[in-house]
Amino acid sequence: MTAKTSGFRHPSRSVLLTVALLFLLSSLVRIGENTGAAIANEFEQLTEPNEETSDQVTLGEPTEPNIGELLSVLLERERVVEEREQALVQRQVALDRVQEEVENSLALLEDAERRLEETMAAAGTALEGDLDQLTRVYENMKPKDAAALFAQMTPSFAAGFLARMKPESAAAILSGLEPEKAYSVSVILSGRNFNAPTD
């Protein structure tokens, strides 16, 4: 009886073992389901943008420049540069015009100076010719008549003609003048001869 009893397995133990295994499997399944849900939830939280994090990232990153404003600034600078270039071009044109006018004026002045020198030279030649002709007329006059004309002249003017005459004609006219007049003319003539260069 004892041997039969020891060799027989009690059915309640098998049932209990089976139930325990089922509970264990159920727990494992629940744990696995909860773990998967937790992992999925965590993954969703990581993948979905957080407003605070998004704000922090947006505030931390530098803002992109406004293309319209940048283009407007560049266009304004280009306009200012073009205006300065145009002003420089206009100034250069004005300077070139002034320089051209100055050169033309200088050319006119040089031409006027040349013509004036030619006129003065011609006038000097004509005057010299007139003085030579008048001197010859005085020389051919009678000394008495010539002395009467020289008496009306100033001493320096009379001395100028007498200096151009031949010595004998000048002496004849000078001797016909009054002593005071003849003396004044003689002083002027001697002063001219004194200042004349000598070798």
Side-chain angles (χ1 to χ4, degrees), residues 24-137 152-164 187-199:
L24 180 61
L25 290 174
S26 177
S27 299
L28 290 175
V29 170
R30 289 178 182 176
I31 292 173
E33 289 179 357
N34 292 332
T35 303
I39 292 173
N41 188 16
E42 187 70 20
F43 181 76
E44 289 179 359
Q45 290 180 358
L46 289 175
T47 54
E48 290 181 359
N50 191 355
E51 293 181 359
E52 295 180 358
T53 306
S54 177
D55 293 339
Q56 291 176 359
V57 172
T58 303
L59 293 174
E61 294 179 353
T63 58
E64 295 182 357
N66 192 336
I67 302 300
E69 293 179 358
L70 182 59
L71 182 60
S72 177
V73 171
L74 292 176
L75 291 176
E76 178 65 19
R77 290 183 180 179
E78 184 179 1
R79 184 186 64 80
V80 171
V81 171
E82 289 180 354
E83 288 181 355
R84 290 180 180 178
E85 289 180 353
Q86 292 178 0
L88 289 175
V89 170
Q90 293 177 358
R91 182 178 180 183
Q92 186 63 39
V93 170
L95 289 176
D96 293 340
R97 186 181 297 112
V98 170
Q99 184 177 1
E100 184 178 358
E101 292 178 357
V102 169
E103 291 177 354
N104 292 334
S105 299
L106 288 176
L108 292 176
L109 288 174
E110 290 177 356
D111 184 63
E113 184 179 0
R114 179 183 56 80
R115 286 183 291 157
L116 180 60
E117 290 177 354
E118 292 177 353
T119 301
M120 291 179 65
T125 302
L127 180 60
E128 188 67 21
D130 292 341
L131 290 175
D132 288 340
Q133 184 177 359
L134 189 57
T135 300
R136 287 193 298 270
V137 169
Q152 303 300 321
M153 298 179 185
T154 60
S156 58
F157 193 71
F161 278 107
L162 292 174
R164 301 172 68 91
V187 170
I188 295 173
L189 285 173
S190 63
R192 287 185 177 183
N193 294 328
F194 179 79
N195 293 326
T198 57
D199 294 337

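Just so you know, residue 1 is the first one in the sequence shown, and it goes up from there.
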From CA spacing to verdict: side-chain contact (heavy atoms from CB on, under 4.5 Å), Glu117, Glu113: CA-CA 6 Å; Glu117 290 177 354; Glu113 184 179 0; 3.7 Å; yes
field: Shortest non-hydrogen separation from Ala159 to Leu189 and the atoms involved
entry: O-CD2, 3.3 Å
- prompt: After noting the C-alpha distance and the side-chain angles of Glu118 and Arg114, does the key distance pass the salt bridge (charged side-chain N to carboxylate O under 4.0 Å, His left out) rule?
  reply: CA-CA 6 Å; Glu118 292 177 353; Arg114 179 183 56 80; 3.1 Å; yes
message: Rounded to the nearest 0.5 Å, what separates atom CD in Gln92 from atom CD in Gln99?
response: 8.5 Å
Distance (rounded to the nearest 0.5 Å) between Ile188 CD1 and Leu162 CG: 10.0 Å
Straight-line distance of Leu109 CG to Leu116 CG, nearest 0.5 Å: 11.5 Å
field: Lys/Arg N to Asp/Glu carboxylate O, Arg79 vs Glu83, below 4.0 Å
entry: yes
Salt bridge Asp132-Arg136, side-chain N to carboxylate O under 4.0 Å: no
field: Worked check of side-chain contact (heavy atoms from CB on, under 4.5 Å) between Leu70 and Asn66
entry: CA-CA 6 Å; Leu70 182 59; Asn66 192 336; over 6 Å; no
query: Short question: side chain of Asn104, backbone of Glu100 - any donor-acceptor pair under 3.5 Å?
result: yes
query: Any chance CZ of Arg77 has more than 12 other-residue heavy atoms, nucleotides or ligands included, within less than 6.0 Å?
result: no
task: Report the distance from atom CD of Glu69 to atom CG of Leu71, rounding to the nearest 0.5 Å.
output: 11.0 Å
- request: For the pair Ser105 (side chain) and Glu101 (backbone), establish whether a donor and an acceptor sit closer than 3.5 Å, ignoring hydrogens and angles.
  value: yes
